[in-house]
> 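Structure incoming, see below.
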Amino acid sequence: MNLDGLNVAQKEAVLSVEGPILVVAGAGSGKTRVLTHRIAHLIESYDIFPSSIMAITFTNKAANEMKSRIEALVGPVTSQMWVGTFHSLCVRILRRDGHHIGYSRDFVIYDTADQKALIKTCFKALNLDEKQTPIKTFQYKISGCKNDMVTPEAYEINFHKDPRERDFIKLYKMYQDKLKSNQALDFDDLLIKTIELFKKYPEVLETYQKKFKYIHVDEYQDTNKAQYMFVRMLSAKHRNLFVVGDGDQSIYKWRGADIRNILDFEKDYPGAKIVKLEQNYRSTQNILDLANGVIKKNPGRRDKNLWTDAEAGEKIRYFQAYDEKDEARFIVNQIKREIREGNFNQTDFAILYRTNAQSRVLEEALNIEAIPYKVVGGLKFYERKEIKDLMAYFKLMVNGYDDVSFLRVINEPKRSIGDKTIERLNAHALERGTSLLEACATVHEIDGIGGKTAEAIAEFYKIITGLKAKLDTEYAGNIFDELVSGIKIIESYEKERSEEADGRIDNIYELKTVIEEFEKRQDHPGLRDFLAETTLKSDQDNIAEVEDGVLLMTLHASKGLEFPSVFLVGLEQNLFPSFRAQDDMEELEEERRLCYVGITRAEKLLYVTHAKNRNHFGRFEPRMPSVFLNEMDQKLIEVMGERSLAAALKDAKPKEISVFDIKTPKKNPYFANVTQKEAPVVEKTEQTFAPGDKVTHRVFGAGMVVTVDKVNNTLTIVFDAHGIKKLDPAIAPIKVIG
DNA sequence: GATGCTGCGCAGAAA
DNA sequence: GCGCAGCATC
C-alpha cells in the first residue's frame with residue numbers, strides 16, 4: 001500500500017487499525033482520502049475480507065464514490081463490502097431478518113408525503129381537527145420521538161398526565177399500528193426497527209457483529225441517538241470503530257443529530273485514539289481565515305485551526321444589493337464576467353442559500369442571461385404527482401397491505417370513486433380484517449357499491465393482482481407498459497390538452513427509462529429494490545457526474561461538496577441566521593456552523609452578499625445585515641459594486657449602519673432592535689421563571705419551563721411543537737401563562 | 001363525483 | 001408569490 005501522498009496526520013489515521021478511532025477532520029482535510037486508504041490498507045496489508053467491512057456514509061453519492069476510489073486502490077473487491085447510508089444498510093438488514101419482528105421482505109418505505117397521508121387518516125379516525133393542530137406538527141413530533149428512540153409506550157408513560165398530550169399519544173400509537181399493518185416503515189423506522197430487531201434477537205445481532213469486524217462512519221457529528229445506538233451495537237464485539245467527523249460542521253440538530261456523539265467519543269469508547277486533520281487542501285488561506293474567524297465565535301468546540309500550503313488568494317468579495325433581484329443580477333453579472341475573462345467556466349460556480357424559496361429569483365436572473373443551471377433539491381423527479389402515483393401502483397403490487405398507496409391511486413386516474421365509496425370499502429375491510437386492496441376482491445358483496453363503481457373497482461383489483469403475479473418473472477419494463485396501458489394514464493393526461501399534462505406524459509416515459517436502466521444495473525433486479533432505492537435517494541445523489549451549469553442549492557445540501565467559486569447569498573438577519581435563531585443561542589451556534597460549512601465549500605473565490613430589502617410573502621421589507629457579516633474579518637474583504645462602501649454607508653438610515661462599523665459585537669446589536677420592534681415592551685418587563693411554569697413564546701408557542709440557570713442566565717423550556725430550547729429570559733419573547 | 005375558483009396561511013433545513 | 005383546502009357549480 002503506497003501511502004506517499006498522505007501527510008503525517010493522514011498516515012497516522014490510515015495506519016491505526018485496532019480499536020476505536022476518531023478522526024477529527026476539518027473541512028477539506030482529505031477525510032475521504034483517509035477513509036478509502038484505511039479500508040484499502042485493511043484489505044491489502046491485513047488480509048481483511050472485504051465482506052467484514054462496513055462503511056456508513058451520509059449520501060449514496062458518497063458511498064459510490066468511496067467504493068470506486070477503494071476499487072482504484074485495491075481492485076474489484078468492493079462488492080463484498082457493505083457501503084451505504086444508515087437507511088440503505090438498515091433496509092438490507094431488515095429485508096433479510098425483518099421477519100423476526102413481523103416484517104415481510106416486501107415491506108415498503110413511506111416518505112414524508114406518504115407519512116403525512118397516513119397521519120391524515122389517523123386524524124380522521126380519531127376525530128382530530130387539522131386546524132387545531134396542523135398535521136405537520138405531529139409529523140415532526142413523531143420523527144423527533146423516533147430520533148430519540150422514544151416509543152409510543154414510553155411517551156405515554158412520561159406524559160399521560162398531561163391533557164395536552166392526550167391527542168398526540170393516541171395518534172402516535174395509531175400511526176405506528178397502521179404502519180405495521182400496512183407493512184410499511186417510515187424513514188426513522190428503518191433505524192428504530194433494526195435496533196428493535198437487534199435488541200429482541202441477540203442472536204441476529206451477533207451474526208452481524210461477527211461479520212463486521214471493521215466499521216466506519218463518515219460525518220459522525222450528524223448522527224442521532226438511533227444511529228449512535230446502531231453503530232454502538234454493531235461494533236460492540238470487535239470494537240474496531242473508525243469514525244470521521246467535524247463538530248464544526250454539525251448542522252442537523254433539527255433532525256435529531258446529537259453533537260455530543262462526537263464530543264463524547266472518548267468517553268463512550270474508552271481508550272479511543274484521536275487524530276486531527278487540520279491541513280486543508282481545498283481553499284485559499286483567505287477563505288480559511290474567514291472561516292476560522294467565524295467559527296471561533298462558537299463556545300465549547302474542540303479547538304482546531306485549518307491551514308493550507310496554498311497562497312492567500314483573492315480577497316472575499318462583498319456586495320450589498322438593493323433587493324433580492326439586484327442581488328441576483330449582481331451574481332449573474334459576476335458569473336458572466338468571470339467566464340468572459342477566462343478565469344472560470346460555468347460549471348465552477350455554486351450559489352448557496354439558506355432557504356429553498358430563495359432559488360426562484362436567482363433562477364429568473366440566470367434564465368434572462370441564458371446561463372445554464374441546476375437546482376439541487378426542490379421538487380424532485382420522484383416527488384412529481386404522476387411519478388408518485390405510478391410508484392404507488394408499484395408499491396401496491398409489491399405489498400398489497402399498503403393502504404396509503406391504495407388510497408392514493410384508487411381514483412387516479414379518475415374512476416368516479418369518491419369519499420362515500422371509500423368509506424364503504426373501508427368499513428368492509430375493517431369488518432373482515434383485510435387490507436383495502438383485498439376488500440376489493442369481494443366488492444360485489446358490499447352494500448351501496450354497485451354498477452359502474454363496482455366494475456371500476458373490480459377492474460382496478462384485476463390489474464394490480466394480475467401484475468403482481470408477474471412480478472418475479474416478467475421484466476419490470478414490461479410490467480410498467482402493462483400498467484400504463486391498463487390504467488390508461490397517458491390517455492387521461494392527453495385528454496387535458498395542456499402543456500402541464502404533456503410534461504407529465506414525458507415524465508412517465510422518463511420513469512420507464514429509469515426503471516429499465518435500474519434493471520440493467522442490478523444483479524437481482526426487482527421492483528422492491530427499485531422502490532427502496534428511489535425513496536432513499538438524497539438531493540446530492542441527484543447531482544450528475546458532469547453538470548453543465550451553475551449549481552444552486554441550500555447550504556445544507558452543499559455539505560461535503562466543493563466548488564471553485566461560491567456565492568453565499570442572503571446574509572441577512574432572520575434569514576441567515578434564521579428567524580428561529582433570534583433568541584436561541586444554540587440555534588444561532590448551529591447557524592454559525594452552517595455559515596462555516598458554506599464558506600469552506602469555496603476553493604478559490606468566495607462572494608458574500610445581502611440585500612437591503614427583500615420580498616417576503618409578497619411584501620417588500622427592509623432587511624438588516626447578518627450578524628455573521630460582523631463576524632467576518634474585514635481585512636479579508638473587498639467591497640464590490642458601483643456602490644462603494646462609503647456610499648452604502650451614506651445611504652443607510654441611521655440604524656442601518658454598515659456591518660463594518662461594528663468592531664467587537666458582543667451580542668448581536670440587531671437582536672435588540674428586532675425584538676423591541678416586533679414584541680411589545682410589556683412582554684419584556686422583568687419576569688421571574690420557575691421550573692414548571694407554563695409559558696408562551698411568540699415564535700415557538702406554548703411550552704413549559706424545565707430548568708432555570710441563573711448563572712448563565714438560561715431557561716430550558718420544552719415547547720409543545722418545537723422541542724427543547726435553551727433561551728435567554730432577558731431577550732426571548734416569552735411570558736408566563738396560567 | 002368532477003372541476004374550477006378563491007382565499008388563507010404560509011417558507012427552515014431532509015433521508 | 002405559491003399551494004392547498006374548502007366551497008360552489010355543473
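Just so it is clear: chains get the letters A, B, ... in the order the sequence lines come, proteins before strands, and each one is counted from 1.
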> Could you tell me whether A:R619 sits above the aromatic face of A:F617, with NZ or CZ closer than 6.0 angstrom to the six-membered ring centre and within 45 degrees of the axis?
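Judged by the rule (NZ or CZ under 6.0 Å from the ring centre, within 45° of its axis), A:R619 is not positioned above A:F617.
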
> Can a salt bridge be assigned to the pair A:E496 and A:R504 using a cut-off of 4.0 Å between side-chain N and carboxylate O?
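Result for this pair is no, no salt bridge flagged.
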
> Return the value, rounded to whole Å, for the distance between atom CE of A:M553 and atom P of B:dA14.
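So the CE-P distance, A:M553 to B:dA14, works out to 11 Å.
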
> Check every strand shown and say whether A:G618 touches a base, only sugar-phosphate, or nothing at a heavy-atom separation below 4.0 Å.
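Contact class for A:G618: base.
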
> With respect to the phosphate group of C:dC4, does any side-chain polar atom (N or O) of A:K385 fall under 4.0 Å of OP1 or OP2?
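No, A:K385 has no side-chain N/O under 4.0 Å of OP1/OP2 on C:dC4.
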
> Could you tell me which residues satisfy ring-ring contact (aromatic ring centres under 6.0 Å, His included) with A:F406, sequence neighbours excluded, listed by chain and number?
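Only A:F460 meet the ring-ring contact (aromatic ring centres under 6.0 Å, His included) criterion with A:F406.
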
> Take the protein atom CZ of A:R592 and the nucleotide atom P of B:dG12, then report the distance between them rounded to whole Å.
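So the CZ-P distance, A:R592 to B:dG12, works out to 21 Å.
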
> Check every atom of B:dG1, B:dA15, B:dA11 against the side chain of A:K420 and return the nucleotide holding the closest atom.
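Of the options given, the side chain of A:K420 lies nearest B:dG1.
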
> Could you give the distance from CD (A:E572) to CZ (A:F628), rounded to the nearest 0.5 Å?
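Answer for the CD-CZ pair, A:E572 versus A:F628, is 13.0 Å.
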
> Does any residue of residues 109-120 of chain A have a heavy atom under 4.0 Å from DNA chain B, and if so, which ones, in number order?
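Here the set is A:T112.
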
> Which whole-number value in Å describes the distance from A:I457 CD1 to B:dG1 C1'?
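For the pair A:I457 CD1 and B:dG1 C1', the rounded distance is 13 Å.
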
> With rounding to the closest Å, how many angstrom separate the C1' atoms on B:dA11 and C:dG6?
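These two C1' atoms come out 22 Å apart once rounded.
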
> Would you say A:W254 stacks on B:dA13, if stacking means ring centres under 5.5 Å apart and planes within less than 30 degrees?
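Yes; centroid distance and tilt both under limits.
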
> If you only use heavy atoms from C-beta on, which nucleotide in B:dG12, B:dA2, C:dG1 is closest to the side chain of A:F579?
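Side chain of A:F579 sits closest to B:dG12.
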
> Taking for each residue the nucleotide of DNA chain B bearing the nearest heavy atom, is the 5' side occupied by A:F617 or by A:H87?
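So the residue in question is A:F617.
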
> Of the options B:dG1, B:dA2, B:dA14, whose atoms approach the side-chain atoms of A:Y140 most closely?
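The answer is B:dA14, which lies nearest to the side chain.
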
> To the side chain of A:E587, which of B:dA14, B:dA15, B:dG12 is closest?
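My answer, after comparing the listed nucleotides, is B:dG12.
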
> Would you indicate, yes or no, if B:dA13 has its OP1 or OP2 atom less than 4.0 angstrom from a side-chain nitrogen or oxygen of A:N356?
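Indeed, a polar side-chain atom of A:N356 lies that close.
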
> Expressed in angstrom and rounded to an integer, what is the separation of A:L594 atom CG from B:dA14 atom C1'?
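Between C1' of B:dA14 and CG of A:L594: 13 Å.
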
> Could you walk me through whether A:I142 and A:L171 pass side chain to side chain contact (heavy atoms under 4.5 Å, CB included), step by step?
CA-CA 9 Å; A:I142 289 175; A:L171 178 101; 4.0 Å; yes

> Could you state the CG-C1' distance from A:L555 to B:dA14, rounded to the nearest angstrom?
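Between C1' of B:dA14 and CG of A:L555: 14 Å.
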
> Find the distance A:K253:NZ to B:dG12:P and express it as a whole number of Å.
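Whole-Å distance recorded here is 16 Å.
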
> Consider the side chain of A:R354, meaning its heavy atoms from C-beta on, and name the nucleotide among B:dA11, B:dG12, B:dG1 that approaches it most closely.
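Of all the options, the side chain of A:R354 is nearest to B:dG12.
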
> Which nucleotide in the list B:dA2, B:dA14, B:dG12 gets nearest to the side chain of A:S578?
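Of all the options, the side chain of A:S578 is nearest to B:dG12.
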
> Drop me the distance from A:I295's CD1 to A:D248's CG, to the nearest 0.5 angstrom.
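Here the rounded value is 4.5 Å.
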
> B:dG12 base to A:E590 side chain: any donor-acceptor pair below 3.5 Å?
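For A:E590, whose side chain was compared with the base of B:dG12, there is no donor-acceptor pair (under 3.5 Å).
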
> Between A:D114 and A:K388, does any NZ, NE, NH1 or NH2 come within less than 4.0 Å of an OD or OE carboxylate oxygen?
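Yes, this pair counts.
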
> With a 4.0 Å limit, can you tell me whether A:K136 has a side-chain N or O closer than that to the phosphate oxygens OP1/OP2 of B:dA11?
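Yes, A:K136 has a side-chain N/O under 4.0 Å of OP1/OP2 on B:dA11.
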
> What integer distance in Å separates A:N60:CG from B:dA14:C1'?
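Answer to the nearest Å: 14 Å.
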
> Does A:N224 have a side-chain nitrogen or oxygen under 4.0 Å from the phosphate oxygens OP1 or OP2 of B:dA15?
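So the side-chain polar atoms of A:N224 never come under 4.0 Å of the phosphate oxygens OP1 or OP2 of B:dA15.
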
> For A:F107, check ring-ring contact (aromatic ring centres under 6.0 Å, His included) against everything at least two apart and list the hits.
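Expected list: none.
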
> Ignoring the backbone of A:R255, work out which of B:dG1, C:dG6, B:dA15 is nearest its side chain.
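Within the option list, the nearest is B:dA15.
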
> Hey, which sits more toward the 5' end of DNA chain B by its nearest nucleotide, A:I251 or A:P134?
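Residue closer to the 5' terminus by nearest nucleotide: A:P134.
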
> If you look at every strand shown and take non-hydrogen atoms under 4.0 Å, does A:D539 touch a base, only sugar-phosphate, or nothing?
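The residue A:D539 makes sugar-phosphate contact but no base contact.
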
> Starting at OG1 of A:T223, measure out to CD1 of A:I262 and round the result to the nearest 0.5 Å.
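A:T223 OG1 to A:I262 CD1: 8.0 Å, rounded to 0.5 Å.
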
> Counting side-chain heavy atoms from CB outward, which of B:dA2, B:dG1, B:dA15 is closest to A:K414?
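Comparing B:dA2, B:dG1, B:dA15 against the side chain of A:K414, the answer is B:dA2.
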
> Base, sugar-phosphate alone, or nothing: which one does A:E496 contact when heavy atoms must sit under 4.0 Å apart?
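Result for A:E496 = nothing.
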
> When we call it a touch if two heavy atoms are under 4.0 Å apart, what does A:R360 touch: a base, just sugar-phosphate, or nothing?
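The residue A:R360 makes sugar-phosphate contact but no base contact.
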
> Would the base of B:dG12 count as contacting A:Q358 through its side chain, where contact means a donor and an acceptor less than 3.5 Å apart?
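Not at all, since no donor on one side and acceptor on the other fall under 3.5 Å apart.
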
> Quick one: is the NZ or CZ of A:K116 closer than 6.0 Å to the six-membered ring centre of A:Y110, and within 45° of its axis?
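Because its charged atom misses either the 6.0 Å distance or the 45° angle limit, A:K116 does not stack over A:Y110.
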
> Using purine N1 to pyrimidine N3 plus N6-O4 or O6-N4 for Watson-Crick, or N1-O2 and O6-N3 for G-U wobble, both under 3.5 Å, which nucleotide pairs with B:dG12?
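Partner of B:dG12: none.
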
> Return the value, rounded to whole Å, for the distance between atom CD of A:Q227 and atom P of B:dA14.
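Taking atom P of B:dA14 as the reference, CD of A:Q227 is at 16 Å.
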
> Under a 3.5 Å cut-off for both contacts, is B:dT3 paired Watson-Crick or G-U wobble with anything, and if yes, with which nucleotide?
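Base partner found: C:dA8.
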
> NA contact type, A:I417, heavy-atom cut-off 4.0 Å: base, sugar-phosphate, or nothing?
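A:I417: backbone/sugar contact only, no base atoms under 4.0 Å.
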
